[in-house]
Amino acid sequence: MQLKGKKILIGITASIAAYKIPILVRLLKKEEAEVQVIMTEASRDFVSQLTLATLSGNPAYHLPFNTIDGSWNSHVKFGLWADLMLIAPLSAATMSKMAHGHSDNLLTTTYLSAKCPVYFAPAMDLDMFAHPSTQKNIDTLISYGNHLIEAQTGELASGLCGAGRMEEPEKILEIIINHFKKKDDFADKKILITAGPTYEAIDPVRFIGNFSSGRMGYAIAHEFAIRGAEVTLVSGPSSQKVTHFNIQRLGVQSAQQMFEICDNLFEQTDIAVMAAAVADFRPKNVPTSKIKKEDGLTQLKLEPTVDILKTLGIQKKHQILIGFALETTEELKNAQKKLQNKNCDAIVLNSLQEAGAGFGHDTNKISIIDKFLNKTDYPLKSKTEVAIDICDFILKFNSKSTMP
Ligand code: CTP
């Protein structure tokens with residue numbers, strides 16, 4: 001009964017994914033939430049109003065007035081009633097209206113009146129989703145303080161396969177439960193996170209890089225942000241999206257650029273989590289013109305990059321410093337060595353030997369070792385859930401270390 005008494009307002013727009021909303025309504029009701037549904041006119045072709053009314057226990061409205069007695073279905077009242085508004089599935093058309101304050105139906109007027117947090121779950125075909133105007137509208141909605149429930153990659157109603165698939169109801173339920181669980185765990189805390197790979201230029205067209213997607217670091221940034229922190233995310237090249245307005249993303253390419261920003265920000269940072277896969281070496285002399293094939297790579301000489309984590313570990317005063325260790329052999333021994341050499345408060349070990357863990361996966365399997373060498377093992381989980389575990393760990397660690 002994790003949502004007992006919570007008032008959830010669901011707005012449904014025209015998308016095939018609307019068929020999943022009755023399942024979500026049932027899941028919410030099982031958690032004892034109160035649910036009301038409003039729909040756009042066109043969404044009624046995709047899911048039945050009767051089904052939604054029956055499952056939610058409330059009429060499912062789509063007009064601003066009642067056709068029988070002419071009474072007003074007040075968007076203001078809906079907006080005030082809700083503890084959380086979820087717009088799912090969100091079509092490109094309604095997304096565009098929301099981004100531009102266009103209010104021509106019950107759903108969009110309610111959205112503009114809503115005083116509560118608003119979550120939105122886009123659902124559309126891959127080309128519509130990838131269109132720059134859609135991506136810009138998503139960014140605009142995030143900048144207004146709305147929360148994005150990211151579209152997934154998979155089979156789409158068109159028969160095509162790609163990004164644009166609405167998140168599954170079970171996952172949306174988890175996000176809603178999480179929303180109510182914690183709010184101010186890290187309020188007023190300044191968090192510094194590194195994520196993604198770094199690219200070290202060989203010449204103007206080539207680089208040394210690695211397979212890191214940045215997903216883990218972005219998930220940690222998101223988790224801190226929804227718990228009230230002010231997050232700076234220093235990211236190497238990554239296609240991941242920032243999903244929360246409390247996150248400021250600073251994009252970099254090289255280890256040196258990442259270092260300079262971290263070095264600048266560390267003093268006013270409370271907690272730093274170094275999740276980036278920083279290149280350890282970079283080409284020594286980078287020519288201004290492309291190296292020709294016939295010249296071979298004989299001129300390629302490498303030098304070490306700066307170790308960002310280690311440098312911050314030397315400067316550490318009041319900060320909590322968390323490192324990552326990506327290991328393929330002697331995991332525990334190597335992770336403990338890094339923890340101590342880099343003066344971290346804890347290190348998150350992920351082993352590339354674990355199936356489903358590490359680069360390029362949606363899942364990860366971690367152990368966290370603290371500076372007293374206590375080790376906590378976690379099972380294989382989604383990177384979102386791993387981010388929750390890491391934040392919970394830091395929260396506990398912080399409260400212990402600030403105890404009188
Ligand atoms: N790290 C860093 N700067 C570097 C290299 C690594 O800040 N130049 C950080 C990573 O972000 C991570 C931790 O150090 O938090 C450990 O990174 P990892 O690649 O596992 O270890 P390395 O120190 O690079 O050592 P090795 O590659 O030999 O395992």
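Source: prediction; values computed, not measured. Whatever order the structure lists them in is the order used to number ligands and atoms, beginning at 1.
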Participant: Is Lys371 salt-bridged to Asp345, cutoff N-O under 4.0 Å?
Facilitator: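 Yes, this pair counts.
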Participant: Indicate whether the side chain of Thr40 and that of Asn105 have a donor and an acceptor atom separated by less than 3.5 Å.
Facilitator: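 No donor-acceptor contact under 3.5 Å links the two side chains.
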Participant: Hey, what polar pairs (N/O, under 3.5 Å) does ligand 1 make with protein?
Facilitator:
unit_1, atom_1, unit_2, atom_2, d
ligand 1, 3 (N), Ile308, N, 3.0
ligand 1, 7 (O), Ile308, N, 3.4
ligand 1, 7 (O), Leu309, N, 2.8
ligand 1, 8 (N), Thr305, OG1, 3.4
ligand 1, 8 (N), Val306, O, 2.9
ligand 1, 11 (O), Met274, O, 3.4
ligand 1, 11 (O), Ala276, O, 2.7
ligand 1, 14 (O), Lys342, NZ, 3.0
ligand 1, 15 (O), Met274, O, 2.7
ligand 1, 15 (O), Phe324, N, 2.8
ligand 1, 15 (O), Phe324, O, 3.3
ligand 1, 20 (O), Leu326, N, 3.1
ligand 1, 20 (O), Lys338, NZ, 2.8
ligand 1, 21 (O), Lys338, NZ, 2.9
ligand 1, 23 (O), Lys342, NZ, 2.5
ligand 1, 24 (O), Asp280, OD1, 2.8
ligand 1, 24 (O), Asp280, OD2, 3.1
ligand 1, 27 (O), Asp280, OD2, 2.9
ligand 1, 29 (O), Lys338, NZ, 2.8

Participant: Going by the side chain to side chain contact (heavy atoms under 4.5 Å, CB included) test, name the single residue among Ile172, Leu173, Ile177 that passes it with Leu28.
Facilitator: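 Testing Leu28 for a side chain to side chain contact (heavy atoms under 4.5 Å, CB included) against Ile172, Leu173, Ile177 leaves exactly one candidate, Leu173.
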Participant: Does the pair Asp389/Lys381 count as a salt bridge with the N-to-O cut at 4.0 Å?
Facilitator: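 Here Asp389 pairs with Lys381 in a salt bridge, since their nearest N and O are under 4.0 Å apart.
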Participant: Hydrogens and angles aside, do Thr198 and Glu200 bring a side-chain donor and acceptor to less than 3.5 Å of each other?
Facilitator: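 Distance-only check passes for Thr198 and Glu200.
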Participant: With respect to Tyr218, which candidate in Lys241, Arg249, Gln240 satisfies the side-chain hydrogen bond (donor to acceptor under 3.5 Å, both in side chains) definition?
Facilitator: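 Output: one option passes, namely Arg249.
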